[in-house]
Number of protein chains: 2
Amino acid sequence: MNLKELSAKLNLSPTTVSRALNGYPEVKEETRRRVLAAASRYDYSPNARAQGLATGRSQAIGHVIPLSTKHEMVNPIFGDFIAGAGETYSSHGYEMLISVVEDDRAEDAYRSLKRRGVVDGIILHGPRMEDSRIPLLQELGLPFVVHGRASGLPQDYSWLDVNNRRAFQRATDFLLDLGHRRIALINGLETMDFAARRRAGFETALTARGLKADPALEVSGEMTEAMGHSSALALLDRPMPPTAFLVSSMVSAMGVRRALEDRGLRMGVDVSVITHDDALSYFTGGDDVPLFTSTRSSVREAGRQVAQMLIDRIDSPDAPPRQVLMEAELTVGRSTGPAPTE
Amino acid sequence: MNLKELSAKLNLSPTTVSRALNGYPEVKEETRRRVLAAASRYDYSPNARAQGLATGRSQAIGHVIPLSTKHEMVNPIFGDFIAGAGETYSSHGYEMLISVVEDDRAEDAYRSLKRRGVVDGIILHGPRMEDSRIPLLQELGLPFVVHGRASGLPQDYSWLDVNNRRAFQRATDFLLDLGHRRIALINGLETMDFAARRRAGFETALTARGLKADPALEVSGEMTEAMGHSSALALLDRPMPPTAFLVSSMVSAMGVRRALEDRGLRMGVDVSVITHDDALSYFTGGDDVPLFTSTRSSVREAGRQVAQMLIDRIDSPDAPPRQVLMEAELTVGRSTGPAPTE
DNA sequence: GACTCGGCCCAAAGCGCTTTGAGTGAATAA
DNA sequence: TTATTCACTCAAAGCGCTTTGGGCCGAGTC
């Protein structure tokens, strides 16, 4: 069933039917009701491509995901973020379009999406420092919102980020208050902006107490379970091992935890661990007192909000960019305790 | 730049330019070269919506993801599956369209995708037993491939599945060979088809040795870390606790492992654990001998193949449906050992 | 020389919608 | 009464592409 057929059934012109369906005021209420009834009776919805061609919009939002295993995106948080964003999209009549591309072809992907008119806007994931995709998107004139943000760019653009710096600073303070002095940082890849900010927070807290960050206690890499495990083992086997670990992801933290067991150490007693927790649906829940003390921030909620920001931006392209900083909660679990006396 | 403008620059008709671009034989080689050169020079690509409207195709594949936390899809494997499928799509010029919907509106979502002509095909995730979405998609005439399969349906449709039954049967045999007799099963939600098959494999292996499955040792639920943990604790605290666990997912297995530690038991010595491992990028790797003995099957590879099957199906809709059964590898790690003598 | 036949190329229709610009009849105002 | 407005409705153009159905021209055939 298409518009023409439907309007024939109604003895109306396609014009009127289209207007009735789209809520234009020029059509009599009674007529509108008739049209709506017929549409649902004949199970009609407008063809999205035709509608898009006529309006110049696609009602779709693009997410470009680089394929490389190096990238931090095809990872546990992906599903939750998408779920959050998807909620917002579907309540606003947008589709989510995901483009998986070779690592070095991300920019081409943006260009292509724009040229072919496939999407009305873009959500940018996993920004690196001085990320070149941001000026590119501005140049293309494609509305976008960044999940995270990129240091070192003069441009003004919309983003939503967790206050990573503050979160890790607080977590470090918490450990310092417990008497820990040798704290290890197991961070994400520090080309990623969030990782750099976390490290800054960590080091700021140390400096504020007159301590100096020990580079030997700072590790950065892709946040896998294995990486957490091997890094922690190496650190624990040092002559002066850390008494606490600050870890950038739940998955790596599980690796750290495994390393502690391997060395016969009790988490929360012999060694403390704080991790960042993205509140993933399948890791949380259950216990009254969580396993890990963590800096917690729901990536699903972030998805919802970023999507909403982008839709707003598409609706009013001339509004000034917006920035949102979400604060992470410092949630106390069973993985932290006073530093052991030496 | 659109077709008309480009053809004006070339002093050719839009017809010829379109044909040149799409590789039709009616155009002189030299002309085609000129067109191609101009297209790349002026950075032209056809507008996807217009192309779609004219051809009746959208060059997009739909994935409908129910939103409920109950569902097994917004979960760790999602990212990896999508990455695999996305690879295939982008090499064939398809976009991936993800629709996140309320749990009970999945069928509407399919109808709507079809009506509005948004996608050329569908990948069906997380089939339940006698899943009603399968007949629906057939009725709609929308090409589709199921990741997994659904028992109890008479229809013939395309699917790709892991041989879950065989995998769990082999894993159980492996444990039985090690002398284990009280084996617990920590399964996914058994409304899910794969979970039912895994249980069947488990019970078949037991029966083949004249043992009877003990319902008290079988748990099923959403595969979270917390669920693995609490289920395992409950089982370990029984008067006759299991000496081995067969677990349906890596995440739950980590919970099981935590429960073992809580009870001071050594995994692989006091208690054996086998888990299914979807070969997620962030959980594997690193160690020479993996932590868990597992039935392993790459969900990313599954994504690649399912996508390819669907594209083939779209290209030749009259070909008979295809079924692919992937065998899982039984990979020996450090989590299994002989049953302790009582 | 007339005729066919490829090889190339083009005009125009059509995909299904939105939107502009106009028209109609009825109600109100002058 | 005539003019003006208002509330509805419609015809037609246009979005950017593909595709059908020719058309033209030069080469080959008889």
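Protein chains get the first letters and strands the later ones, always in sequence-line order, with residue 1 at the start of each. Just so you know, these numbers use all the heavy atoms, side chains as well, and skip hydrogens, waters and symmetry mates.
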Note to self: Strictly distance-based, threshold 3.5 Å: is any side-chain N or O of B:Gln323 a donor or acceptor partner for the main-chain N or O of B:Arg149?
What the structure shows: no

Can we say B:Arg115 and A:Asp43 salt-bridge, meaning some charged N sits less than 4.0 Å from an Asp/Glu carboxylate O?
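Result for this pair is yes, salt bridge flagged.
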
*Salt bridge present between B:Arg116 and A:Glu95 (N-O < 4.0 angstrom)*: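 Looking at A:Glu95 together with B:Arg116, the answer is yes, because their closest N to O distance falls below 4.0 Å.
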
* Asked: Between B:Arg304 and B:Glu301, does a salt bridge (Lys or Arg N to Asp or Glu O under 4.0 Å) hold up when you go through it step by step?
  -> CA-CA 5 Å; B:Arg304 276 193 278 263; B:Glu301 177 57 26; 2.8 Å; yes

Q. Centres of the A:His125 and A:Phe78 rings: under 6.0 Å?
A.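 Ring-ring flag for A:His125/A:Phe78: false, centres at least 6.0 Å apart.
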
Using the six-membered ring wherever Trp is involved, compare the ring planes of A:Tyr94 and A:Tyr89 and label them parallel, tilted or perpendicular (cut-offs 30° and 60°).
tilted

Would you find more than 12 non-hydrogen atoms of other residues, nucleotides or ligands less than 6.0 Å from B:Arg57 atom CZ?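 Counting neighbours around CZ of B:Arg57, more than 12 heavy atoms of other residues, nucleotides or ligands fall under 6.0 Å, so yes.
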
Practice task
Please give the angle, rounded to 10 degrees, between the axes at the start and the end of the helix from C:dG1-D:dC30 to C:dA30-D:dT1, where five pairs define each axis.
Solution key: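 Nearest ten degrees gives 60° for this helix.
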
Handout entry: Side chains of B:Glu130 and B:Ser151, donor plus acceptor under 3.5 Å
Key =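 No pair is found: no donor N or O on one side chain lies under 3.5 Å from an acceptor on the other.
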
Test item: side-chain donor near acceptor, A:Gln51 and A:Asn47, under 3.5 Å
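Their side chains do not contain a donor-acceptor pair, so the 3.5 Å distance test is not met.
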
- Give a yes or no on whether a donor-acceptor pair under 3.5 Å exists between the nucleobase atoms of C:dT19, that is its base, and the side chain of A:Thr15. yes

*Of all heavy-atom pairs between A:Val145 and A:Arg313, which one has the smallest distance, and what is that distance?*
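It is CG2-CD, 4.4 Å.
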
Nearest heavy-atom approach of B:Ser7 to B:Val17 is CB-CG2, 3.5 Å

Pairwise 5' ranking along DNA chain C for B:Asn11 and A:Gln51, keeping only the more 5' one
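The 5'-side residue here is B:Asn11.
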
If each of B:Arg19 and B:Ala50 is mapped to the nucleotide of DNA chain C with the nearest heavy atom, which maps nearer the 5' terminus, i.e. the 5' end?
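Counting from the 5' end, the first nearest nucleotide belongs to B:Arg19.
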
The correct set of residues in residues 22-34 of chain A placing a heavy atom under 4.0 Å from DNA chain D is A:Glu26, A:Val27, A:Lys28, A:Thr31

Practice task
Would you classify B:Thr55 as touching base, sugar-phosphate or nothing, given that sugar-phosphate means primed atoms plus P, OP1 and OP2, and contacts are heavy atoms under 4.0 Å?
Solution key: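 Sugar-phosphate, backbone atoms only, no base.
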
### Task
Look at all strands and tell whether B:Arg49 reaches a base, only sugar-phosphate, or nothing, counting heavy atoms closer than 4.0 Å.
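Since no nucleic acid heavy atom lies under 4.0 Å of B:Arg49, the category is nothing.
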
Its 5'-most and 3'-most nucleotides having an atom under 4.0 Å from a non-hydrogen atom of chain A, DNA chain D is contacted over D:dC8 to D:dG16

